[in-house]
Amino acid sequence: MAVPYNHRAIEKKWRKEWEEHPINVNDGKKEKYYCLDMFPYPSGNGLHVGHWRGYVISDVWSRYKLMHGYYVIHPMGWDAFGLPAENYAIKMGVHPADSTAKNIANIKRQINEISAIYDWDMEVNTTDPEFYKWTQWIFVQMFKKGLAYEKEMPINWCPSCKTGLANEEVVNGKCERCGADVTKKNLKQWMLKITAYADRLLDDLDTLDWPEKVKKMQTEWIGKSYGAEVDFAVENREEKITVYTTRPDTLYGATFMVLAPEHALATSLATEETKAAVEDYIYKTSLKSSVDRLQDKEKTGVFTGSYAINPLNGAKVPIWLSDYVLADYGTGAIMCVPAHDDRDFEFAKKFNIPIIQVISKDGKEIEDMTEAYTEASGIMINSGDWNGMESSVLKKEAPAMIEKMGFGRKTTNYKLRDWVFSRQRYWGEPIPIVHCPDCGAVPVPEDQLPLLLPEVDSYQPTGTGESPLADITDWVNTTCPCCGKPAKRETNTMPQWAGSSWYFLRYVDNKNDKELVSKEKADKYLPVDMYIGGVEHAVLHLLYSRFYTKFLYDIGVVDFQEPFKKLFNQGMVCGRDKETGAATKMSKSLGNIVSPDDIVRDYGCDSLRLYELFIGPPELDSIWDDRGLEGIYRFLTKFWNLVMDHKDDGAPESSKVVKERHRLVYDVTTRLENFSLNTVISAFMEHNNNLCDMAKTKQVDKKTLETFVILLAPFAPHISEELYHELGHDASVFTAQWPEYDEKAMEDDEIEIAVQINGKTKTVITVAKEIAKEDALAAGKEALGDKLTGNIVKEIYVPGRIINIVVK
RNA sequence: GCCGGUGUGGCGGAAUUGGCAGACGCACAAGACUCAAAAUCUUGCGGGGGCAACUUCGUGUGGGUUCAAGUCCCACCGCCGGCACCA
C-alpha cells in the first residue's frame, strides 16, 4: 500500500484549488440550470447536521447537472431580517445589525465546509439596503396597483412577540414563532391583496412539478368553494340579510339563521326583550381569545328576537347569534339546515329548533334523527317543486336557479385572507409610505429608495401596537412628497417574508442598481429549475413567493408566472431522546444537536456528505447516529486503496469487468435520477466490494476505476478529484462527461432462477438466458428431484425470475 | 373529526412495483495478524427445531384475492405531519 487516505490534506488542497479555479463557469454558451436552496436565516446557533442535508442534496444535484454540461446557477444568501434575528439580538443584548453580521460570518464559514459549488459573487442579504431597496420598490408598485392598502381591523396579535401576525403565521391559535396564544387586536394595518390572485395561485398549481402534499396544502389554504348567496328579508325591516351557502339545494330545510356576533346588524336585530342577552353575548364573545374560540366546540348562542323570511317558501325563521359563525368568511351570516349539517344539527338540538329533512336516502324520512345526514346525494323531499330531484344534481343547478328567481346569486368563496403585512417591530424593511394630512398615504418616491432603517437607541418592541420607529421623531417627521407640507412616516416594518418572497430573482443580477433584475438576465437565467428545502414552508414562503412572482409578471418585470418549477422537500435529521430513544427534533434545549464542525475534522467533508445521504431516503426524516460514519469512512478508505493499489495493474478489459462497469453506471444513474440518494451510496459500496474482490486477481482495468471515480465525484468531490489526477488526468474530474451505460452489456449469458413448489422456494438453478419455457421447466423439475411429490396441477415459468410447480 | 404519510432483524434501512424478504451499512460474536491493543482481513449474524443436509414460522393486527403478497382488496391498530366550527 502506497499512500494512505488522508482526508484533511486532500480536502484542503482541492478546496483551495477550486477557489482559485472555479469548476462551474458561465461561458455564455452552456444551457443554464438553476438549482436553489432555501436560504437560511443566520441563527446564532450556527448550523447542525440537519441543515447540511438539504445543502448536500442540492450540491450533489448541481454537480450532477454540471457534469451534463450545464452552467449551474447555485447561489446562497441570507434571510436576515425578521423576528428570529431580532429576538436573538435582544436576548444577547446587542444590536441586530451586529449580531446578524456576526452570525452570517460564522454560518458562511460552516457552509463553506460543505464544499458546495456556491457562487458567492451572487450572494444576497435581505438586510442590505441595496437589496431592500427593491423589496420596498415592489411594495410601492403594489401600492400603485391598489394591492397594498391600509385597513383598521382586528388582527392576530402575538403578545409575546408584540407584533401583528399574518393568518399564515398562526398555527392552532398559537404564534408560529414562539408558541404564545394569539389574541386579537384592533390595529390599522397594511394589507396585501393576495386574495386578488387566489384563482391564479390555485389554478397554476397544476403546472408545477411539486410534491402532491405541498400542492394539496396550498389548495386547502386557498380553500375555494362554490355556492350561492341568498338574500333573506327580515320581518318588519328594510334591510335584507345575505347568507353564503355551498348547499343551496337544502334551502327548504333552513329552519333558522345564525349571524356572527360581529355582524353589522347583530345589535340592531335585538328586541326590547332580548336586548340585554344579545349585548351580553356579543360582549362575552369579544373577550374570547382565538384559542378559546377554536377549542370551545360546545355550541353557544342567543336568539335576537327577529325573524327572517325564507325567500323560497316564505317560512319565518328565527335569527340567532353564535360564535361558530365566522365574521370574516362569506357574509358573516349563514342559513342553517340542521338536518344536513353537523354543526347546525348540534345547535338545533341544543336550542330546540325544528329539524326538517329535505334529502332522503330512500325517499322516506328518518324518524328520530340522531345525527345530520350530510351526504350530498339522495332524493329531495319536503322541498316543493324540487321534490324528487337528485340532490347532487340540484346542488350544482340551484345557484343559477336562485339567481333567476331573483333572490340570490351564484358565487365562490375562499378561505384565503389578505396578507397582514405590517409588523410593529424594528428589524425589518421600513414600509416606504408617508402619511400626509392632505394627500393621505403617499409612497416614498422611487428615486429616494431605499428608505433606510434608522439607527435607534431602543429597538425593543413597545407592545402598544406602535413600532419602535415611532419614537424617532426626527425620522418620523418629514414632508409630503406630494404637496411638500409636514407629514409623518409610516413606522411599521415589513414581515420577514417580504425579502424571501423574491430573493431568488435577485441572485442572477445582484449588483444591478437600476432594476430589480434586468430583463436580459431574467430571461436568460430564471426561473428556478429545482428548489430544495424543508416542508415547513409549504404554505407561507412558497405561497408568498408565487404571489410576488405573479405580480412581477403582471407589471412586466419577469416573463414567467411561477418561480419554482420543481420542488423537493428533504426530511429532517432528528436526534435521539437520551432516555426514551425516540426520534426528536434537534434542539439546543434537548442538548442533542450534532455540529458538523467536529465531524468534518475527524472524518472529512466527503464522509459527512455521503453519510447525510446514506442515513435514509432524502424525503423522509432520519435519525442521526455518529457510528454510521465509520462505515462511510471505511468505504472511502477501501476505495482509495483499491484505486491507488491497482491503477497500474494494467489489467485488460475483460467481459466480466465491463459488465460490472455498466451495472455500476446503471445503478448509480437510475437511482440518482429517481432521487433515491441513500441507495446510490449502497450501490457504490456494493460495487466497491465487487471490484475489491476482482482486484485481488488483478482483473480491474483502469477505465473501470476511472468510471467509478467520475460517478463518485458529485457525492465525494475531494477524494474523487484527487484520484482522478492520480489516474493521470490534468483536468478536473468535473470536466468529465457523465458515463453512459448499455443495458445489453450488463446482462449475463446465464441467469439464476428460483424453483418453487406451491410458491415456496426449494432451490435455485442456473440456466441459459434464452432458455425455452419447456427446457426451463424440465430443468426446474429435475433440480427438485424427489422433493417433487404429488400430482402436478400447474406449471408456471416467469422468464428470468421464477419457476413454480403447483402440486396437490 | 377529516386528509396525507408511515409501520420490515438489536439499529438505520433495501426489495427492479405481484416473483428467492432482510441488499448496503451500523452494532454484535468468533477467528487471523499482534507481546498486547487499535486498525485491517476472514467468517457468522430474524425466531423456533436439528450434529447436519434441512425444516418450520416470520414484513403492525385480523380476514381475502392469487400458482405466488412487504407489495393488491376489505376491516382495524400504533406513530408522524397537515387542516380543523370556512356553512
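To find a chain, count down the sequence lines: A is the first, B the second, and so on, and within it residues start at 1. Everything numeric here is computed off the predicted structure, so don't read it as measured data. Atom set for the values below is all heavy atoms of this structure, side chains included, hydrogens, waters and symmetry mates excluded.
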Nucleotide nearest A:Val806 when distance is taken to its side chain, options B:A87, B:C20, B:C67
B:C67

Would you please indicate if the ring centroids of A:His7 and A:Tyr633 are separated by under 6.0 Å?
yes

C1' atom, B:A21 versus B:U8: distance in rounded Å?
8 Å

Does B:U16 adopt a syn or an anti glycosidic conformation, taking syn as a chi angle within 90° of 0?
anti

From C-beta outward on A:Arg627, which listed nucleotide comes closest to its side chain: B:A14, B:C26, B:C83?
B:C26

Measure from the side-chain heavy atoms of A:Tyr244 and tell me the nearest of B:G4, B:A87, B:C83.
B:A87

Please check this pair: side chain of A:Asp231 against backbone of A:Lys240, looking for a donor-acceptor N/O pair closer than 3.5 Å.
no

Look at all strands and tell whether A:Arg417 reaches a base, only sugar-phosphate, or nothing, counting heavy atoms closer than 4.0 Å.
base

Enumerate the salt bridge (Lys or Arg N to Asp or Glu O under 4.0 Å) contacts for residues 663-674 of chain A, please, sequence neighbours excluded, ordered by first and then second residue.
A:Arg663-A:Asp748

For A:Lys350, is there an ion pair with A:Glu298 - N to carboxylate O distance below 4.0 angstrom?
yes

Can you check the distance between B:C72 and B:G18, where both ends of the measurement are the P atom (answer in whole Å)?
8 Å

Scan every strand shown for a Watson-Crick or G-U wobble partner of B:C83, both distances under 3.5 Å, and answer none if you come up empty.
B:G1

Rounding to the closest angstrom, what is the interatomic distance between B:G10 and B:U42 at atom C1'?
23 Å

List in chain and number order the residues that pass ring pair (Phe, Tyr, Trp, His ring centres under 6.0 Å) with A:Phe347, two or more places apart in sequence or in another chain; answer none if no residue qualifies.
A:Phe256, A:Trp320, A:Tyr324, A:Phe351

Which nucleotide in the set B:C41, B:A87, B:A14 lies at the smallest distance from any side-chain heavy atom of A:Lys638?
B:C41

Which part of the nucleic acid, if any, lies within reach of A:Asn678 when heavy atoms closer than 4.0 Å are counted: base, sugar-phosphate only, or nothing?
sugar-phosphate

Counting any heavy atom closer than 4.0 Å, what does A:Glu212 reach on the DNA or RNA strands: base, sugar-phosphate only, or nothing?
nothing

Looking at A:Lys284, I want to see if its NZ is surrounded by more than 12 non-hydrogen atoms of other residues, nucleotides or ligands under 6.0 Å.
no

By nearest-nucleotide position on RNA chain B, the 5'-leaning member of A:Met335 and A:Lys762 is A:Lys762

Round to a whole Å and report the spacing from NZ of A:Lys415 to P of B:C83.
11 Å

Could you tell me if the ring centre of A:Tyr603 sits under 6.0 Å from that of A:Tyr611?
no

Whom does B:G9 pair with, Watson-Crick or G-U wobble, provided both distances fall under 3.5 Å?
none

For the side chain of A:Gln756, starting at C-beta, report the closest nucleotide among B:A27, B:C85, B:G19.
B:G19

Residue A:Met217, side-chain heavy atoms: nucleotide from B:G82, B:G19, B:G4 that is nearest:
B:G82

Describe the nucleic acid contact of A:Lys215 in one word from base, sugar-phosphate, nothing, applying a heavy-atom distance below 4.0 Å.
nothing

Return the pairing partner of B:U42 with a 3.5 Å limit on both distances, Watson-Crick or G-U wobble; otherwise return none.
B:A30

The nucleotide from B:A27, B:A87, B:C83 with an atom nearest the side chain of A:Thr246 is B:A87

Could you tell me how far apart A:Tyr611 (OH) and B:C24 (P) are, to the nearest whole angstrom?
18 Å

Among B:A27, B:U16, B:A14, the one nearest A:Thr679 by side-chain distance:
B:A14

So what does A:Lys213 touch, heavy atoms closer than 4.0 Å: a base, only the sugar-phosphate, or nothing?
sugar-phosphate

So what does A:Glu752 hit on the nucleic acid, given a heavy-atom distance under 4.0 Å: a base, only sugar-phosphate, or nothing?
base

Going by an N to O cut-off under 4.0 Å, is there a salt bridge joining A:Glu795 and A:Lys781?
yes

Return the set of residues passing ring pair (Phe, Tyr, Trp, His ring centres under 6.0 Å) with A:Tyr226 (not counting sequence neighbours), or none when no residue passes.
none

Remember a base hit wins even if backbone is also touched, and classify A:Leu326 as base, sugar-phosphate or nothing at under 4.0 Å, heavy atoms.
base

Determine the Euclidean distance between corresponding C1' atoms of B:U43 and B:C57; express it in Å to zero decimal places.
27 Å

Base contacts versus sugar-phosphate-only contacts with protein, heavy atoms under 4.0 Å: please encode nucleotides 44-50 of chain B as B, S and - from 5' to 3'.
-------

Salt bridge (Lys or Arg N to Asp or Glu O under 4.0 Å) pairs, two or more places apart, involving residues 755-766 of chain A:
none

What nucleotide, of B:U42, B:G12, B:A87, holds the atom closest to the side chain of A:Ile615?
B:G12

On a whole-Å scale, what distance lies between the C1' atoms belonging to B:U56 and B:U71?
24 Å

For A:Tyr324 and for A:Asn689, locate the closest nucleotide of RNA chain B by heavy-atom distance; then report the residue assigned to the nucleotide nearer the 5' terminus.
A:Asn689

Assigned partner base of B:U61, Watson-Crick or wobble definition, under 3.5 Å:
B:A75

B:A87 and B:C73, which share atom name C1', separated by this distance in whole Å
36 Å

If I pick the C1' atom on B:G9 and the same atom on B:A14, what distance separates them, to the nearest angstrom?
13 Å

The side chain of A:Asn804 lies closest to which of these nucleotides: B:G19, B:A87, B:G13?
B:G19

Base, sugar-phosphate, or nothing for A:Val793, non-hydrogen atoms under 4.0 angstrom?
nothing

Using the P atoms only, state how far B:G70 lies from B:G19, rounded to an integer number of Å.
10 Å

Remember a base hit wins even if backbone is also touched, and classify A:Ser225 as base, sugar-phosphate or nothing at under 4.0 Å, heavy atoms.
sugar-phosphate

Using the purine O4'-C1'-N9-C4 or pyrimidine O4'-C1'-N1-C2 torsion, is B:G82 syn (within 90° of 0) or anti?
anti

Quick one: does A:Lys299 reach the base of B:C85 with a side-chain donor-acceptor pair under 3.5 Å?
yes

Under 4.0 angstrom, heavy atoms only, what part of the nucleic acid is A:Tyr414 near: base, sugar-phosphate, or nothing?
nothing

Paired to B:U16 by Watson-Crick or G-U wobble criteria (both distances under 3.5 Å) is none

Between A:Arg671 and B:A14, is there a side-chain N or O to OP1/OP2 distance below 4.0 Å?
no

Only pairs at least two apart or in different chains count here, so list each salt bridge (Lys or Arg N to Asp or Glu O under 4.0 Å) that has a residue in residues 248-261 of chain A.
A:Arg247-A:Asp249

